[in-house]
Amino acid sequence: MNKKEILRVLLVLFFSSQLYANDILEKVGTYEYDLNNSLSLKQVINNVLENSLKAKSVLYQIPQKDSDKLKYNTQFSPYVALQHQQYILNNKEPKLAAFIENNTGFSQHTLVTGKKFETETELGFGVSKSDIYGLKSNYASTANDPMTFFSIKQSLLKNGFGINNSNTKKILDNQCISQKNNSLNQVALVVSEAIVSYWDVVERYRLYKNEELKEQAYLKIRKVLKSNVNIGLVEEDSLHQYNALILSSSSKKEINRNAYEESLAKLAILINKPLQDPNNMKLAGLDEVIATFNFKEYLEKAFKNRADHKNILLAINSLKLKRKIIKNESLPDMTLKYQLTNIPDGGGMLNPGSLLHNMEFGVSYLLDNKKNEIETRDGNYQLAQLELQKMQLQQEIEYEIKNIIGKIDVFYSSYQKAREARKEASIYFNLLIKKLKQGRLNSVQLTDAVDMMINVRKFETTMLLSYNKLL
């Protein structure tokens, strides 16, 4: 080979190496990922809330959570009652024969409407009609006109003025809120599952594209090596090396491609929406600036918003209300009733239109009230137990927030270092390009440089993803 041929080969090698090296540098140094072209994280969350079958199934539970409260309120609904009474006397006494027939009877028809209130006040209004038959005509009564009456009844001590009813309603309200909190928390878990699935799609897509980029780089290197083998600048064994690297990378690319498609299908099921495979997905909208956190502020938000903490506070409040009910149940049962009756015809004995006033007062007390004592004792133990559970939960929440904030700092610091490492890798790659121009570079060094560029970029993206996941 004369000097002109050697010079021609060196020029071909220089310009071809320059082209593929710059192409690799451009792709490796600036490659990004973005799901915005297909589906953003915000859209994923909105689709879960609007379309997810699992979320919809949970949301159907929420309107049912007040069933116990509504059922309890039915005892205070207005009522109507109709009553009929009849008495028949078969007379066997001869002395009474002058006054009554052999079969004498008495019947009474009563219609009452009323309502019981939460204050344990019961109001009633009714009409009553009495008929007597079988009397001798000289003694027949004229008391056949209907009588109207009005009554009011009030509990005074036990459940006096409905204090237990009021506390029971508050307990049912707490129960309703607690169950709704649990349902909303289930929806939040579904959303969280979709978010994790979203990041999994991003992660697997990145792995697939990294392997695809490595395969492309190996193909370009092999192309130059093949030219170099043809002109005798390098041995044929380097060509076989890159054949093996390309086949291995192609296999890994297909495996990662399949894993990516599976993760995409899983996300589509979660959000109940078909997703097309985007050809140009990029990671956009990622936070690259360090976030600042006020620990006290986030701790207060956690205590305010977390379902488990809200529910334990409701449980404590309900138990305190239950203790009040138990204490009140130990009092005597005292009731007072007043009834006013209008007798239109006087009943044969009174002046027509007479009013009959009736007062009733009753007291009862259970002498052996062991049940109340046991419930009081158990209530005290249960309250102490819940207070300890609340303290433990608050400590766990405090630890979780500190741990997350600490991890955020670690991952952001790692991301910063990985970004600097990528810059250093780029500088190293450029130095190798200069050596390549001088003909002092072999394929092994270039392969290592390409691998390092891709791995550093992979680590940088992983740290950035991890940081954003924690956010």
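Treat the numbers as computed from the prediction; the structure is a model and nothing was measured. Heavy atoms only: backbone and side chains are in, while hydrogens, waters and symmetry mates are out. Throughout, numbering of the chain's residues begins at 1 and tracks the sequence.
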Colleague: Using every non-hydrogen atom in the two residues, find where Ser330 and Asn369 come nearest and quote the distance to one decimal.
Modeller: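 Scanning both residues completely, I find the closest heavy atoms to be CA-ND2, 3.8 Å.
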Colleague: Taking Ser414 for the side chain and Val410 for the main chain, is one N or O donor matched with an acceptor at less than 3.5 Å?
Modeller: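 Yes: the side chain of Ser414 pairs with the backbone of Val410.
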Colleague: Looking at Asp200 and Arg204, is there a salt bridge between them, counting it only when a charged N and a carboxylate O are closer than 4.0 Å?
Modeller: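 Looking at Asp200 together with Arg204, the answer is yes, because their closest N to O distance falls below 4.0 Å.
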Colleague: Please confirm whether the backbone N or O of Lys69 pairs with a side-chain atom of Asp66, one donor and one acceptor, at under 3.5 Å?
Modeller: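 A pair under 3.5 Å: no.
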Colleague: Out of Thr376, Asn380, Asp378, which one pairs with Arg323 under the side-chain hydrogen bond (donor to acceptor under 3.5 Å, both in side chains) rule?
Modeller: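 Testing each of Thr376, Asn380, Asp378 against Arg323, the sole residue satisfying side-chain hydrogen bond (donor to acceptor under 3.5 Å, both in side chains) is Asn380.
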Colleague: Compare all side-chain heavy atoms of Thr148 with those of Thr341 and state whether any distance is below 4.5 angstrom.
Modeller: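 Thr148 does not reach Thr341 side chain to side chain.
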Colleague: If we only count heavy atoms from C-beta on, is the Phe303 to Ile397 side-chain gap below 4.5 Å?
Modeller: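 Yes; the side chains approach each other to less than 4.5 Å.
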Colleague: Which heavy-atom pair separates Arg206 from Lys458 by the least distance, and what is that distance?
Modeller: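 For Arg206 and Lys458, the tightest heavy-atom pair comes out as NH1-CG, 2.9 Å.
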Colleague: Apply the test side-chain contact (heavy atoms from CB on, under 4.5 Å) to residues Lys54 and Glu193: give CA-CA distance (whole Å), side-chain angles for both, the deciding distance (0.1 Å), then the verdict.
Modeller: CA-CA 11 Å; Lys54 190 181 291 187; Glu193 184 181 359; 3.3 Å; yes
Colleague: When you check the side-chain N and O atoms of Asn174 and Ser318, is any donor under 3.5 Å from an acceptor?
Modeller: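 Checked: Asn174/Ser318 side chains pair up, N/O donor to acceptor below 3.5 Å.
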Colleague: Roughly how far, to the nearest 0.5 Å, is the NZ atom of Lys390 from the CG atom of Leu393?
Modeller: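 One finds 10.0 Å between CG of Leu393 and NZ of Lys390.
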Colleague: Considering residues, nucleotides and ligands other than Lys310, do more than 12 of their heavy atoms fall under 6.0 Å from its NZ?
Modeller: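 Counting neighbours around NZ of Lys310, more than 12 heavy atoms of other residues, nucleotides or ligands fall under 6.0 Å, so yes.
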Colleague: Could you tell me which non-hydrogen atom of Val201 sits nearest to which non-hydrogen atom of Ser263, and how far apart they are?
Modeller: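 Nearest pair, atom of Val201 first, then Ser263: CG2-O, 3.4 Å.
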Colleague: Using the side-chain hydrogen bond (donor to acceptor under 3.5 Å, both in side chains) rule, take Asn455 and Asp451 through it: C-alpha gap first, then chi angles, then the decisive distance, then the call.
Modeller: CA-CA 6 Å; Asn455 290 334; Asp451 289 343; 5.8 Å; no
Colleague: In sequence, state the C-alpha distance, the side-chain angles, and the governing distance for Leu355 and Leu340, and then conclude on side-chain contact (heavy atoms from CB on, under 4.5 Å).
Modeller: CA-CA 7 Å; Leu355 299 177; Leu340 176 64; 4.0 Å; yes
Colleague: For this output row, return yes or no: ring centroids of Tyr467 and Tyr412 closer than 6.0 angstrom.
Modeller: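 When the ring centroids of Tyr467 and Tyr412 are compared, they turn out to be within the sub-6.0 Å range.
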Colleague: Does Lys407 reach the side chain of Leu470, with side-chain heavy atoms less than 4.5 Å apart?
Modeller: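 Counting from C-beta outward, Lys407 and Leu470 do come under 4.5 Å.
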Colleague: Can you pull out every salt bridge (charged side-chain N to carboxylate O under 4.0 Å, His left out) where at least one residue sits in residues 356-368? Sequence neighbours excluded, please.
Modeller: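 Residue pairs passing salt bridge (charged side-chain N to carboxylate O under 4.0 Å, His left out), neighbours aside: none found.
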Colleague: Which residues satisfy the salt bridge (charged side-chain N to carboxylate O under 4.0 Å, His left out) test with Lys337, sequence neighbours excluded?
Modeller: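 Counting only residues at least two positions away or on another chain, Lys337 forms no salt bridge (charged side-chain N to carboxylate O under 4.0 Å, His left out).
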Colleague: Would you say the side-chain atoms of Gln83 and Thr110 include a donor-acceptor pair closer than 3.5 Å?
Modeller: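 Result is no, nothing qualifies.
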Colleague: Tell me if a side-chain donor or acceptor on Ser166 pairs with a main-chain N or O of Gly162 at a distance below 3.5 Å.
Modeller: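 Not at all, since once roles are kept as given, no pair shorter than 3.5 Å links the two residues.
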Colleague: Check each of Leu156, Leu157, Leu366 against Pro332 using the side chain to side chain contact (heavy atoms under 4.5 Å, CB included) test, and report the only one that passes.
Modeller: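 With Pro332 as partner, side chain to side chain contact (heavy atoms under 4.5 Å, CB included) holds for just one option, Leu157.
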Colleague: Taking the side chain as C-beta and beyond, is there a heavy-atom pair between Ser466 and Thr462 under 4.5 Å?
Modeller: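 Answer yes - side chains close enough.
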Colleague: Give a yes-or-no answer on whether the side chains of Gln394 and His309 include a donor-acceptor pair shorter than 3.5 Å.
Modeller: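 Looking only at side-chain atoms, His309 and Gln394 do form a donor-acceptor pair, the distance falling under 3.5 Å.
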Colleague: Run the salt-bridge test on Glu262 and Lys266 with the 4.0 Å N-O cut-off and return the result as yes or no.
Modeller: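 Salt bridge flag = no for Lys266 with Glu262.
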Colleague: Measure centre to centre between the rings of Tyr260 and Tyr205, then say whether the value is under 6.0 Å.
Modeller: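 Yes.
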Colleague: Does a side-chain heavy-atom distance below 4.5 Å link Asn342 with Met147?
Modeller: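 No, their side chains stay 4.5 Å or more apart.
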Colleague: Between Asn256 (side chain only) and Lys252 (backbone N and O only), is there a donor and an acceptor less than 3.5 Å apart?
Modeller: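 Yes: the side chain of Asn256 pairs with the backbone of Lys252.
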Colleague: For atom CZ of Phe361, decide whether the heavy atoms of other residues, nucleotides or ligands shown that lie under 6.0 angstrom number more than 12.
Modeller: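 Counting neighbours around CZ of Phe361, more than 12 heavy atoms of other residues, nucleotides or ligands fall under 6.0 Å, so yes.
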Colleague: In chain order, what residues pass the salt bridge (charged side-chain N to carboxylate O under 4.0 Å, His left out) check against Glu215, with sequence neighbours excluded?
Modeller: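 Per chain and number, Glu215 pairs via salt bridge (charged side-chain N to carboxylate O under 4.0 Å, His left out) with Lys253.
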Colleague: Is there a donor-acceptor pair under 3.5 Å between the side chain of Asn159 and the backbone N or O of Asn164?
Modeller: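 Confirmed, Asn159 side chain pairs with Asn164 backbone.
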Colleague: Please check: side-chain N/O of Ser249 versus main-chain N/O of Ile246, any donor-acceptor pairing under 3.5 Å?
Modeller: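 Absent.
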Colleague: Side-chain contact test, heavy atoms from C-beta onward, threshold under 4.5 Å: evaluate it for Phe117 versus Leu123 and give yes or no.
Modeller: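 Side-chain contact under 4.5 Å: yes.
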Colleague: Evaluate side-chain contact (heavy atoms from CB on, under 4.5 Å) for Arg422 paired with Phe459, printing each intermediate quantity in order.
Modeller: CA-CA 9 Å; Arg422 176 174 57 83; Phe459 181 69; over 6 Å; no
Colleague: Leu319 and Gly379: which non-hydrogen atoms are nearest, and at how many Å?
Modeller: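 Looks like CD2-O, 3.9 Å.
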Colleague: Atom NZ of residue position Lys115 - does it have more than 12 heavy atoms of other residues, nucleotides or ligands inside 6.0 Å?
Modeller: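 Counting other residues, nucleotides and ligands, NZ of Lys115 exceeds 12 neighbours.
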Colleague: Taking only Lys NZ, Arg NE, NH1 and NH2, and the carboxylate oxygens of Asp or Glu, determine whether Arg457 and Glu460 approach each other closer than 4.0 Å.
Modeller: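 Yes, Arg457 and Glu460 are salt-bridged.
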Colleague: Answer yes if the side chains of Ser128 and Gln108 hold a donor-acceptor pair under 3.5 Å, and no otherwise.
Modeller: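 Ser128 vs Gln108: donor-acceptor pair found between side chains.
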Colleague: Please find the pair of heavy atoms, one from Asn328 and one from Gly160, that lie closest to each other, and give the distance.
Modeller: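 Here Asn328 and Gly160 meet closest at OD1-N, 4.4 Å.
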Colleague: Glu300: what forms a side-chain hydrogen bond (donor to acceptor under 3.5 Å, both in side chains) with it, not counting sequence neighbours?
Modeller: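 None.
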Colleague: Could you give me the CA-CA distance, side-chain angles and deciding distance for Asn403 and Ile401, then say whether side-chain contact (heavy atoms from CB on, under 4.5 Å) is met?
Modeller: CA-CA 5 Å; Asn403 189 37; Ile401 294 176; over 6 Å; no
Colleague: Is there a side-chain contact between Ile163 and Thr119 in this structure, where contact means two heavy atoms from C-beta onward sitting under 4.5 Å apart?
Modeller: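 A side-chain contact is absent here, since even the closest heavy-atom pair is not under 4.5 Å.
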Colleague: Looking at residues at least two apart in the chain, or sitting in another chain, which of them share a ring-ring contact (aromatic ring centres under 6.0 Å, His included) with Tyr298?
Modeller: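 Partners of Tyr298 by the ring-ring contact (aromatic ring centres under 6.0 Å, His included) criterion, ordered by chain and then number, come out as Phe293.
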Colleague: Give a yes or no on whether a salt bridge exists between Glu373 and Arg377, defined as a side-chain N under 4.0 angstrom from a carboxylate O.
Modeller: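 Arg377 and Glu373: not salt-bridged.
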Colleague: Just by distance, no angles: are the side chains of Ser52 and Asn272 close enough, under 3.5 Å, to form a donor-acceptor pair?
Modeller: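 Side-chain D/A pair, Ser52 to Asn272: absent.
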Colleague: Look at Glu212 together with Lys209 and state whether they make a salt bridge at an N to O cut-off of under 4.0 Å.
Modeller: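 Here Glu212 pairs with Lys209 in a salt bridge, since their nearest N and O are under 4.0 Å apart.
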Colleague: Are Arg306 and Glu400 ion-paired here, with the side-chain N under 4.0 Å from a carboxylate O?
Modeller: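 Salt bridge between Arg306 and Glu400, a charged N being under 4.0 Å from a carboxylate O: yes.
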Colleague: Taking the side chain as everything from C-beta on, heavy atoms only, tell me whether Leu336 gets closer than 4.5 Å to Lys153.
Modeller: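 A side-chain contact is absent here, since even the closest heavy-atom pair is not under 4.5 Å.
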Colleague: Can you check salt bridge (charged side-chain N to carboxylate O under 4.0 Å, His left out) on Lys423 and Glu420, steps first, answer last?
Modeller: CA-CA 5 Å; Lys423 294 178 182 178; Glu420 293 301 316; 3.5 Å; yes
Colleague: Could you give the distance from CG (Leu386) to CG (Asn317), rounded to the nearest 0.5 Å?
Modeller: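 Here the interatomic distance stands at 11.5 Å.
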Colleague: Are more than 12 heavy atoms, taken from residues, nucleotides or ligands other than Lys320, located less than 6.0 Å from that residue's NZ atom?
Modeller: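 No, because the 6.0 Å sphere around NZ of Lys320 holds 12 heavy atoms or fewer from other groups.
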Colleague: Taking all non-hydrogen atoms of both residues into account, name the closest pair between Val48 and Ala194 and its distance.
Modeller: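 Shortest heavy-atom contact: CG2-CB, 3.3 Å.
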Colleague: Please list all pairs meeting side chain to side chain donor-acceptor pair (under 3.5 Å) that have one or both residues in residues 72-81, counting only residues at least two apart or in different chains.
Modeller: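 Matches after skipping sequence neighbours: Tyr72-Asn165, Tyr79-Glu122.
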Colleague: Under a 3.5 Å distance rule, please check whether Ser248 uses its side chain to pair with a backbone N or O of Leu245 as donor and acceptor.
Modeller: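 No, the answer is negative, given that no donor and acceptor are paired below the 3.5 Å cut-off.
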